[in-house]
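A, B, ... follow the sequence lines: proteins, then strands. Residue 1 opens every chain.
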Protein chains: 2
Amino acid sequence: MQTHIPNKVLTTALNLFTTKGYFSTSMRDITADSAVSTGSVYHYFKDKEGVATALYRSMIERMRVALLHIVSTHDTSHDQCHAVISLLFKIAEEEPEVMSFMLYTKHREFLPAEPPVCSSEPFEIMRSMVQSGMDKGEIEQRDVLVASTCLYGGAIKMITSHLDGILDQPLSSYLDDIWACSWRAVASSKS
Amino acid sequence: MQTHIPNKVLTTALNLFTTKGYFSTSMRDITADSAVSTGSVYHYFKDKEGVATALYRSMIERMRVALLHIVSTHDTSHDQCHAVISLLFKIAEEEPEVMSFMLYTKHREFLPAEPPVCSSEPFEIMRSMVQSGMDKGEIEQRDVLVASTCLYGGAIKMITSHLDGILDQPLSSYLDDIWACSWRAVASSKS
DNA sequence: TTGACTAGAACGAACGTTCGTTTTAGTATC
DNA sequence: GATACTAAAACGAACGTTCGTTCTAGTCAA
């Protein structure tokens, strides 16, 4: 049972946005499901877009912290990137709404002011892991965007498949297989 | 200059849906930009969703035909899959709206009746290429969904990056690089 | 009493859609 | 060939609904 009103609103909004979509959830839906009155919602948030922005920012921030923690607790790019994909899979399974809103939602459509997810700080941290892997010779030299896209692309596609419900097995059971493919795509030949 | 009304409507809708998003384009926008009256639009299409459905179906069909042609004109899975990615890159560059609507739009939000893109026939054909590659020993044995996701995932992510406008170079200049990574991810060790 | 908070009725704008009408194109009648 | 009729196509003003938001009234701590 949550008591803090902004959190109640954000949690409700997250659920509604990911199940019905941003445009198909009305402020009335949010007030009804969260049991918070219209007045209160507008007291804490400027408008509907403000709710979505707050949600988006809080998730970006959460990811940023988690990724920086991974960087500081793993030595090789190999281990860092593996930890990233493990983390993404874990969140996708335990909190699919969070992953869904972060990866699978076209924020541009209702958050025109925010930069695209791929330009966000978390994705930049992920790319910097790849870059340092290339500097150290773990990862073959090539355009860092290409390498990152190939390394993470498969895993992310797998997550969206999971969110779409087209996977037979639990997502985590694919982790080793996906990682083997993804790493092989970019690893330098000497490793 | 188009004269066939349904085509005028569909072309206009495609442009508006991909630039403003489905929910942010009104029927008034469509009638204004296409210079077709409200009455005529509703004469040819049941409702707004009907316009989107027709658009979606026509694209799926177009892809289906193109992919079957690739299958029939290339012998190895290697060549087939390479041709697929080339085709996707070509469409993404020459008709970004088409790619955008096909790959990057959350159809589920406004086309709840349609199956997700990844379950559509085109994607099934793409997976069958991978499956036959595994049967022939070109591609390492593993879950076909995992292999397909890894093989195509990077390229598709690259396309969405292109559509987001975060690429420095023209998309096609990344093709060889991406293909090298992608194929290496799944190719059997003996090849 | 004041100020932060809550409540939900009320508002105006914008939406998807309908519908009565006009225009067009084709066909039958003389 | 001219006329009358018909059905489909095209039109756009108008409708009812729903939306995001505002506003006024009220509550409760301090």
Open item on the list: If you take any heavy atom closer than 4.0 Å to DNA chain C, which residues from residues 17-33 of chain B end up in contact?
Closed with: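 Heavy-atom cutoff 4.0 Å gives B/T25, B/S26, B/M27, B/R28.
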
Open item on the list: For the CD atom of B/E109 and the OG1 atom of A/T105, what is their distance to the nearest 0.5 Å?
Closed with: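 Reported to 0.5 Å precision, the distance equals 7.5 Å.
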
Who pairs with [X] by side-chain hydrogen bond (donor to acceptor under 3.5 Å, both in side chains), at least two apart in sequence or on another chain?
{"X": "B/S173", "result": "none"}
{"X": "B/S77", "result": "B/S132"}
{"X": "B/E93", "result": "B/S172"}
{"X": "A/S24", "result": "none"}

Give each protein N/O atom lying under 3.5 Å from an N/O atom of nucleotides 25-30 of chain D, with the pair distance.
none

Open item on the list: Output the rounded distance in Å from OH (A/Y42) to P (C/dA10).
Closed with: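 Taking atom P of C/dA10 as the reference, OH of A/Y42 is at 18 Å.
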
Open item on the list: Without decimals, in angstroms, what is the distance between B/E49 CD and C/dC15 P?
Closed with: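 In whole Å, C/dC15 P and B/E49 CD are 18 Å from each other.
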
Task: Qualifying residues under side-chain contact (heavy atoms from CB on, under 4.5 Å), relative to B/S58, sequence neighbours excluded - done: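 Testing B/S58 for side-chain contact (heavy atoms from CB on, under 4.5 Å), a comparison that skips the adjacent residues, returns none.
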
Open item on the list: For B/F45, give me all partners under ring pair (Phe, Tyr, Trp, His ring centres under 6.0 Å), at least two apart in sequence or on another chain.
Closed with: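 B/F45: no ring pair (Phe, Tyr, Trp, His ring centres under 6.0 Å) contacts found.
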
Task: Sequence-distant partners of B/F123, ring pair (Phe, Tyr, Trp, His ring centres under 6.0 Å), two or more places apart - done: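 Result, ring pair (Phe, Tyr, Trp, His ring centres under 6.0 Å) vs B/F123: none returned.
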
Let me have the donor-acceptor pairs involving side chains of residues 174-181 of chain A, under 3.5 Å, with sequence neighbours excluded, atom names and distances please.
{"unit_1": "A/Y174", "atom_1": "OH", "unit_2": "A/Q169", "atom_2": "N", "d": "3.3"}
{"unit_1": "A/D177", "atom_1": "OD1", "unit_2": "B/R142", "atom_2": "NE", "d": "3.3"}

Using a cut-off of under 3.5 Å, enumerate the N/O to N/O pairs linking the protein to nucleotides 7-10 of chain D.
{"unit_1": "D/dA9", "atom_1": "OP2", "unit_2": "B/H43", "atom_2": "NE2", "d": "2.9"}
{"unit_1": "D/dA10", "atom_1": "OP2", "unit_2": "B/Y44", "atom_2": "OH", "d": "2.5"}

Task: Inter- and intrachain pairs under side chain to side chain donor-acceptor pair (under 3.5 Å), touching residues 149-161 of chain A, at least two apart - done: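 Found none.
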
